[in-house]
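Notes follow once the structure below has been shown.
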There are 2 protein chains.
Amino acid sequence: MLKLSKKTEYAFMAARHLAMNNSGHYSTAKEIADNCQIPYQLVAKVLQNFARNKIATSFQGAKGGYKLNRLPDNISLIDIIKAVEHNYQVTECMQEDNSKSTCSHLDCCKIRDPLIEIQRKIDNVFVQTSLKQIL
Amino acid sequence: MLKLSKKTEYAFMAARHLAMNNSGHYSTAKEIADNCQIPYQLVAKVLQNFARNKIATSFQGAKGGYKLNRLPDNISLIDIIKAVEHNYQVTECMQEDNSKSTCSHLDCCKIRDPLIEIQRKIDNVFVQTSLKQIL
DNA sequence: TTATATACGACTAATTTAGTCTTATTTATT
DNA sequence: AATAAATAAGACTAAATTAGTCGTATATAA
Ligand code: SF4
Ligand code: SF4
């Protein structure tokens with residue numbers, strides 16, 4: 001319960017790697033997979049998510065790879081999380097994509113409002129921590 | 001990801017019910033299950049966890065049930081969570097029962113220390129919220 | 001033209017969470 | 001003493017989520 005996914009951990013590691021190798025060549029998925037000892041295919045997807053979400057820029061083809069778009073100081077952990085996870089909410093009823101919320105308690109739920117507040121506070125933890133702080 | 005389990009949500013609901021029905025009779029698992037519209041067996045287990053962890057006292061037999069041991073003001077959400085979940089940590093390597101931590105990255109993990117700090121902050125959110133605040 | 005890299009979706013396997021079933025025990029009531 | 005109502009606890013099943021793999025297409029430097 002309350003556990004970060006491996007995907008998110010890999011995203012933190014990858015972002016960290018990009019931040020620390022930001023001069024000259026572009027970092028590749030393979031390089032990061034080797035360096036962080038994580039599955040290539042998973043990092044690859046994480047990096048693609050970074051590119052789609054404007055956290056990094058990708059360069060295709062040989063000598064290609066990724067580089068960060070902003071300074072580590074200006075990238076917060078919540079940006080990284082949002083790039084790779086669509087459901088990082090504390091309850092089912094707060095998840096964005098479930099347009100038709102499925103929780104049967106929704107009508108009469110007494111704990112929802114307090115949990116929205118909890119969510120806000122947890123969000124804040126990630127908003128307030130920048131990539132620079134985890135280098 | 002980062003989602004509270006239904007078990008924890010049910011625990012919050014049950015604790016809430018106990019707090020609001022604290023005069024006279026003891027609340028039963030059935031009563032709470034009906035009132036909160038949650039599966040009887042699950043609330044039953046939650047309440048047993050409350051009793052084991054001294055959050056509530058149980059009375060067996062006919063006319064039995066549960067009552068809170070402390071005022072809602074003196075029960076924090078973290079107490080409730082700890083009573084029903086043994087793994088509420090943000091990463092595998094912080095989980096208490098995994099005596100032999102299984103994460104293969106443990107030796108060279110660069111994100112562990114920052115995540116321990118994140119964990120501390122998230123803990124704080126639950127430590128600082130009391131049952132009274134969610135009534 | 002080849003080697004190296006990103007892009008992306010489908011698929012499978014593993015793990016975790018949610019829920020059910022069963023049996024034993026305790027105690028008030030009749 | 002018998003019965004009914006309740007907690008106690010563990011095994012089991014089902015559902016959902018997460019983790020990881022595979023295959024194929026596309027882009028680009030050399
Ligand atoms: S409505 Fe209540 S029970 Fe349902 S997901 Fe939201 S908080 Fe949890
Ligand atoms: S060691 Fe690192 S990768 Fe492994 S669980 Fe802990 S934080 Fe995550």
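Chain letters run A, B, ... following the sequence lines, proteins first, then strands; residues in each count from 1.
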Between [atom1] of [X] and [atom2] of [Y], what distance do you get to the nearest 0.5 Å?
X        : Y        : atom1 : atom2 : result
A:Thr91  : B:Leu2   : OG1   : CG    : 12.0 Å
A:Leu115 : B:Leu4   : CG    : CG    : 6.0 Å
B:Lys121 : A:Lys121 : NZ    : NZ    : 15.0 Å
B:Ile118 : A:Gln128 : CD1   : CD    : 10.0 Å

Residue pairs involving residues 105-135 of chain B (criterion ring-ring contact (aromatic ring centres under 6.0 Å, His included); sequence neighbours excluded): none
Degree of bending in the helix from C:dT1-D:dA30 to C:dT30-D:dA1 once both end axes are built from five pairs, to 10°: 0°
Residue-level proximity of residues 32-47 of chain B to DNA chain C when a heavy atom falls under 4.0 Å: B:Pro39, B:Gln41, B:Leu42, B:Lys45
Nearest-nucleotide 5' precedence on DNA chain C, A:Lys3 against A:Lys63: A:Lys63
same_hphob_cluster(A:Phe59, A:Leu18) at 4.5 Å side-chain heavy-atom cutoff: no
Distance-only check: which donor-acceptor pairs under 3.5 Å involve side-chain atoms of residues 6-16 of chain B, not counting sequence neighbours?
from, atom 1, to, atom 2, distance (Å)
B:Lys7, NZ, B:Val84, O, 3.2
B:Thr8, OG1, B:Ser5, OG, 3.3
B:Thr8, OG1, B:Glu85, OE2, 3.0
B:Arg16, NE, B:Ile134, O, 2.9

Contacts of type side chain to side chain contact (heavy atoms under 4.5 Å, CB included), residue A:Gln119, not counting sequence neighbours: A:Gln89, A:Val90, A:Met94, A:Asp123
Residue whose nearest DNA chain D nucleotide is more 5′ - B:Ala29 or A:Gln60: B:Ala29
Would you be so kind as to tabulate the donor-acceptor pairs closer than 3.5 Å made by side chains of residues 61-78 of chain B, with sequence neighbours excluded?
from, atom 1, to, atom 2, distance (Å)
B:Asn69, OD1, B:Thr57, N, 3.4
B:Asn69, OD1, B:Thr57, OG1, 2.3
B:Asn69, ND2, B:Lys54, O, 2.9
B:Arg70, NH1, B:Asn74, O, 2.8
B:Ser76, OG, B:Ile78, N, 3.1

Along DNA chain D, first and last positions that approach a heavy atom of chain B under 4.0 Å: D:dA5 to D:dT18
Working for side-chain contact (heavy atoms from CB on, under 4.5 Å), residues A:Ile116 and A:Arg120: CA-CA 6 Å; A:Ile116 289 175; A:Arg120 205 187 53 73; 5.8 Å; no
Closest non-hydrogen atom pair, A:Arg112 against A:Cys109: N-SG, 3.5 Å
Minimum heavy-atom distance between A:Lys3 and B:Glu92, given as atom pair plus value: CD-N, 4.0 Å
Strand contacts (DNA chain D) in residues 5-20 of chain B, 4.0 angstrom heavy-atom criterion: none
Those residues of residues 50-59 of chain B lying under 4.0 Å from DNA chain D by at least one heavy atom: B:Arg52, B:Ser58, B:Phe59
Start and end of chain B contact along DNA chain C [non-hydrogen atoms, under 4.0 Å]: C:dA18 to C:dA28
Anything under 3.5 Å between a donor and an acceptor, one on a side chain of residues 36-53 of chain B, the other on a protein residue two or more places apart or in another chain? List them.
from, atom 1, to, atom 2, distance (Å)
B:Asn49, ND2, B:Lys45, O, 3.4
B:Asn53, ND2, B:Asn49, O, 2.8
B:Asn53, ND2, B:Ala83, O, 3.4

Please output the side-chain donor-acceptor pairs of residues 25-35 of chain B that fall under 3.5 Å, not counting sequence neighbours, one pair per line with the distance.
from, atom 1, to, atom 2, distance (Å)
B:Thr28, OG1, B:Glu31, N, 3.0
B:Lys30, NZ, B:Asp34, OD2, 2.9
B:Glu31, OE2, B:His17, NE2, 2.9
B:Asn35, OD1, B:His17, ND1, 3.4

